[in-house]
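Sending over a structure as C-alpha cells; questions will come in a sec.
Heavy atoms only: backbone and side chains are in, while hydrogens, waters and symmetry mates are out.
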Amino acid sequence: MKQPANGMTLQLAARLLKRRGIATGPKKIFGQLREVGLLSGSMPCVAASIHDWLVVQGRHVDRPNFHQDYNRIFITPAGLNEAEKRLLEKYPAPEPGPDYLFFGGQELDLGNGSECRLGF
C-alpha cells in the first residue's frame, strides 16, 4: 500500500507531534485520536472525513479459502494541524526537569546550586 502524496502514517505523525510538545507516541496515537474525536473505532470520524484530515487506503486479499480487507489510515497536513490543536489541550508534554540540557549557549541547572555555561 503506497503512502498518498499528501499524507503520512499515523506513526510518523506521532513522532512529529512528540517533537512539537505533545505527550504521544506511535503506540498511543490511535487511542488519543479516538479520545479527541478524530477516530471512531478504527476508522476516521465523519468530520475528519469531510475535512480530509484523514485518508483511508485499502486493499483486498482474495486467496482460496481466505478473503481479507486491509485498511491503513494516513493523516494530511491539515489533519496534523487539527490533531496538534486538539491533542495539545489534552496531552501537553511534561515540563523538563532541572537537569534538562539546553543548547545554544544557555545555562544548565545542575540541581545542586552550581551553574554551567554551555557555548555551542
Side-chain angles (χ1 to χ4, degrees):
M1 210 174 303
K2 282 191 168 184
Q3 181 172 327
N6 66 339
M8 66 180 79
T9 64
L10 291 180
Q11 289 77 16
L12 178 60
R15 290 186 192 115
L16 290 173
L17 290 170
K18 189 168 190 170
R19 288 182 188 165
R20 293 182 183 180
I22 298 170
T24 189
K27 293 183 180 179
K28 295 179 183 179
I29 190 74
F30 281 93
Q32 290 173 334
L33 289 178
R34 281 186 203 105
E35 287 182 22
V36 296
L38 289 178
L39 286 178
S40 176
S42 62
M43 297 299 282
C45 69
V46 175
S49 297
I50 290 172
H51 295 290
D52 290 327
W53 292 333
L54 299 172
V55 178
V56 178
Q57 283 190 349
R59 67 183 172 105
H60 180 75
V61 175
D62 194 15
R63 297 183 187 141
N65 301 325
F66 181 76
H67 306 283
Q68 182 70 39
D69 290 320
Y70 293 98
N71 294 318
R72 190 149 189 206
I73 300 173
F74 297 92
I75 190 165
T76 63
L80 186 64
N81 292 336
E82 182 65 22
E84 180 179 12
K85 183 177 79 172
R86 292 185 184 197
L87 290 171
L88 252 176
E89 298 170 0
K90 197 161 189 171
Y91 300 102
E95 291 295 321
D99 57 346
Y100 185 75
L101 178 64
F102 290 94
F103 294 104
Q106 303 227 0
E107 293 181 358
L108 174 64
D109 181 4
L110 299 175
N112 57 9
S114 62
E115 292 182 354
C116 176
R117 188 90 176 142
L118 301 175
F120 292 105

So, taking the atom named OH in Tyr91 and the one named CG in Leu17, what distance separates them when rounded to the nearest 0.5 Å?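 CG of Leu17 is found 12.5 Å from OH of Tyr91.
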From Glu35 CD over to Leu87 CG, what is the distance, rounded to the nearest 0.5 angstrom?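 Interatomic distance, Glu35 CD to Leu87 CG, rounded to 0.5 Å: 9.5 Å.
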By side chain to side chain contact (heavy atoms under 4.5 Å, CB included), which residues pair with Ala13, not counting sequence neighbours?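 So Ala13 forms a side chain to side chain contact (heavy atoms under 4.5 Å, CB included) with Met8, Ile75, Leu80.
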The criterion is side chain to side chain contact (heavy atoms under 4.5 Å, CB included); which residues satisfy it with Val46, sequence neighbours excluded?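 Checked Val46 against side chain to side chain contact (heavy atoms under 4.5 Å, CB included); matches are Ile50.
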Gap separating the CD atom of Glu82 from the CG atom of Leu38, nearest 0.5 angstrom: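 With rounding to 0.5 Å, CD (Glu82) is 6.5 Å from CG (Leu38).
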Could you give me the CA-CA distance, side-chain angles and deciding distance for Val36 and Lys90, then say whether side chain to side chain contact (heavy atoms under 4.5 Å, CB included) is met? CA-CA 8 Å; Val36 296; Lys90 197 161 189 171; 4.2 Å; yes
Contacts of Asp69 that satisfy side chain to side chain contact (heavy atoms under 4.5 Å, CB included) - sequence neighbours left out: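 Partners of Asp69 by the side chain to side chain contact (heavy atoms under 4.5 Å, CB included) criterion, ordered by chain and then number, come out as His60.
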Side-chain atoms of residues 21-33: list all donor-acceptor pairs with protein atoms under 3.5 Å, sequence neighbours left out, distances to 0.1 Å.
| residue | atom | partner | partner atom | Å |
| --- | --- | --- | --- | --- |
| Thr24 | OG1 | Gln32 | OE1 | 2.4 |
| Gln32 | NE2 | Ala23 | O | 3.1 |

Working to the nearest 0.5 angstrom, can you tell me the gap between Met43 CE and Ile73 CD1?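 If I round to the nearest 0.5 Å, the distance is 6.0 Å.
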Mind checking salt bridge (Lys or Arg N to Asp or Glu O under 4.0 Å) for Arg20 and listing every partner two or more places apart, or none if nothing turns up?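 Here the qualifying residues are Glu84.
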Would you mind listing every side chain to side chain donor-acceptor pair (under 3.5 Å) that reaches into residues 39-51, with sequence neighbours excluded?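 Pairs touching residues 39-51 that pass the test: none.
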Is the backbone of Leu54 close enough, under 3.5 Å, to the side chain of Thr76 for a donor and an acceptor to pair up by distance?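 Not a single qualifying donor-acceptor pair exists.
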